[in-house]
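In what follows, a structure is listed as structure tokens, so that the remarks can point back to it.
Keep in mind that this is a model prediction, so the values were computed, not measured. Counting starts at 1 for both ligands and their atoms, in listed order.
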Amino acid sequence: MTNLPPEDQQKPAAPEKTPNPRREFLRSATLFTGTVAALGGGLELLSRRPGAVAESVQPGLIGQAKRPLGPYDAKDAVTPYEQATTYNNFYEFGTDKADPARLAGTLKPRPWTVKLDGEIKKPMTVDIDTLQSWFPLEDRIYRMRCVEGWSMVMPWLGFPLAGLIRRMQPTSKAKYVQFTALLDPKQFPGQKSAVLTWPYVEGLRLDEALHPLAFMAVGLNGRVLPGQNGAPLRLVVPWKYGFKGIKSIVRITLTEKQPKTTWSIATPSEYGFYANVNPKVDHPRWSQATERRIGELGRRPTLPFNGYAEEVASLYTGMDLRKNF
Ligand code: MTE
């Protein structure tokens with residue numbers, strides 16, 4: 001199978017467990033008011049100190065998350081953590097949405113190194129905790145729109161990609177950024193199947209990567225990023241379809257030429273390099289005009305650039321977005 005399934009547009013939507021919208025609102029709201037009741041002991045949380053790494057603290061501290069400012073806060077109700085961590089696409093664990101949560105225990109996010117190389121002044125391999133300590137951690141609440149026609153609202157913890165790119169000191173030849181995920185069939189049982197070419201790779205144009213919305217996540221809902229969501233380091237590009245958000249990154253390479261990307265290798269006629277959310281450009285097999293927000297009934301209209309047009313549309317001035325899908 002080399003195609004993302006058209007999900008709910010070809011079969012009835014899977015019944016959600018959360019039909020009570022008021023309760024959902026309260027759940028989302030409590031995340032930010034410090035009134036979260038005991039969630040069970042021993043959760044690993046991240047503190048907001050610059051350079052904080054995983055540490056075990058009382059679950060109640062989850063309420064210290066702050067709503068960030070402006071476009072960094074999607075304003076929408078946050079998707080409940082249990083849904084954001086059990087309905088996942090992570091083909092390294094399998095093609096079923098439930099596979100990643102079921103199998104993510106095989107992924108060992110520490111120790112972990114990230115290779116920084118290509119068109120940069122000083123290539124290096126850096127430990128994830130050192131890399132994380134270079135930047136203060138920030139909260140971002142971003143919409144995430146999957147190309148399959150569903151969406152979530154995710155409270156990420158991490159740092160802007162631009163800071164990392166600047167620290168890498170690009171040479172004048174650097175025009176693109178390539179991201180590579182871990183290749184290890186022992187940790188990723190799905191890599192024993194040829195469903196995609198491995199490792200998973202993704203890319204951005206350098207100006208996209210330098211945009212303040214482009215983000216590297218190390219946490220979710222105030223906790224260390226779970227394996228199924230891409231531990232220990234994943235990309236988040238909220239104006240693009242979710243497949244651009246490569247998980248479990250081990251290498252970041254600045255390149256002169258446009259890098260290959262996993263889904264465009266698999267099906268170039270369906271998944272392009274840019275993958276900007278665009279309700280006017282349908283997928284060849286289904287409409288992109290609407291989406292199902294996980295936890296909601298019915299469908300809502302999809303917004304150009306996933307609602308971030310004001311911030312990012314100028315990156316694509318003069319480009320034919322039908323050709324550059
Ligand atoms: N990253 C890797 N390494 N492997 C994958 O299969 N799937 C992508 C993206 N990143 C994927 C990946 C797709 S299709 C989507 S929609 C998002 O991850 C889903 O992210 P989430 O499970 O955290 O919601």
Polar-atom distance check: [X] versus ligand 1, any N or O pair below 3.5 Å?
X: W263; value: no
X: Y91; value: yes
X: N229; value: yes
X: Y87; value: no

Show which atoms of ligand 1 fall inside a sub-4.0 Å distance from at least one heavy-atom site of [X].
X: I246; result: 1 (N), 10 (N)
X: G245; result: 9 (C), 10 (N), 12 (C), 18 (O)
X: C146; result: 16 (S)

Next item on the list: Using the test side chain to side chain donor-acceptor pair (under 3.5 Å), find all partners of R300 that sit at least two apart in sequence or belong to another chain.
Entry: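 R300 satisfies side chain to side chain donor-acceptor pair (under 3.5 Å) with E296 only.
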
Next item on the list: For residues D96 and P100, report the shortest heavy-atom separation together with the two atoms involved.
Entry: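 The pair with the smallest heavy-atom distance is O-CD, 3.3 Å.
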
Notebook entry, point to check: Where does M152 meet ligand 1, judged by heavy-atom distances below 4.0 Å: at the side chain, the backbone, both, or neither?
Noted result: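 Within the 4.0 Å criterion, M152 makes no contact with ligand 1.
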
Notebook entry, point to check: Taking heavy atoms and a distance under 4.0 Å, where does Y200 meet ligand 1: side chain, backbone, both or neither?
Noted result: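 Near ligand 1, Y200 shows its side chain, while the N, CA, C and O stay back.
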
Notebook entry, point to check: Quick one: which of G242, P199, A181 has a heavy atom closest to atom 9 (C) of ligand 1?
Noted result: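 Shortest heavy-atom distance from atom 9 (C) of ligand 1: G242.
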
Next item on the list: Flag the pair R205 and D207 as a salt bridge only when some basic side-chain nitrogen lies within less than 4.0 angstrom of an acidic carboxylate oxygen.
Entry: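 D207 and R205: salt-bridged.
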
Item checked: Salt-bridge contact E270-R285 (side-chain N to carboxylate O under 4.0 Å) ->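 Counted as a salt bridge, because a side-chain N and a carboxylate O are separated by less than 4.0 Å.
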
Item checked: Any R234 heavy atom less than 4.0 Å to ligand 1 ->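 The answer is yes, since R234 has a heavy atom less than 4.0 Å from ligand 1.
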
Check: Regarding E119 and T171, is there a side-chain donor-to-acceptor distance under 3.5 Å anywhere?
Finding: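 Side chains of E119 and T171: pair found under 3.5 Å.
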
Checklist line | Exercise: do K247 and N229 side chains pair donor with acceptor under 3.5 Å | finding: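 No pair is found: no donor N or O on one side chain lies under 3.5 Å from an acceptor on the other.
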
Notebook entry, point to check: Within 45° of the ring axis of F273 and under 6.0 Å from its six-membered ring centre, is that where the NZ or CZ of K244 lies?
Noted result: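 That pair qualifies as a cation-pi contact.
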
Next item on the list: Report yes or no: is the cationic atom of R293 (NZ for Lys, CZ for Arg) under 6.0 Å from the centre of the six-membered ring of W150, at an angle within 45° of the ring normal?
Entry: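 Judged by the rule, R293 and W150 form no cation-pi pair.
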
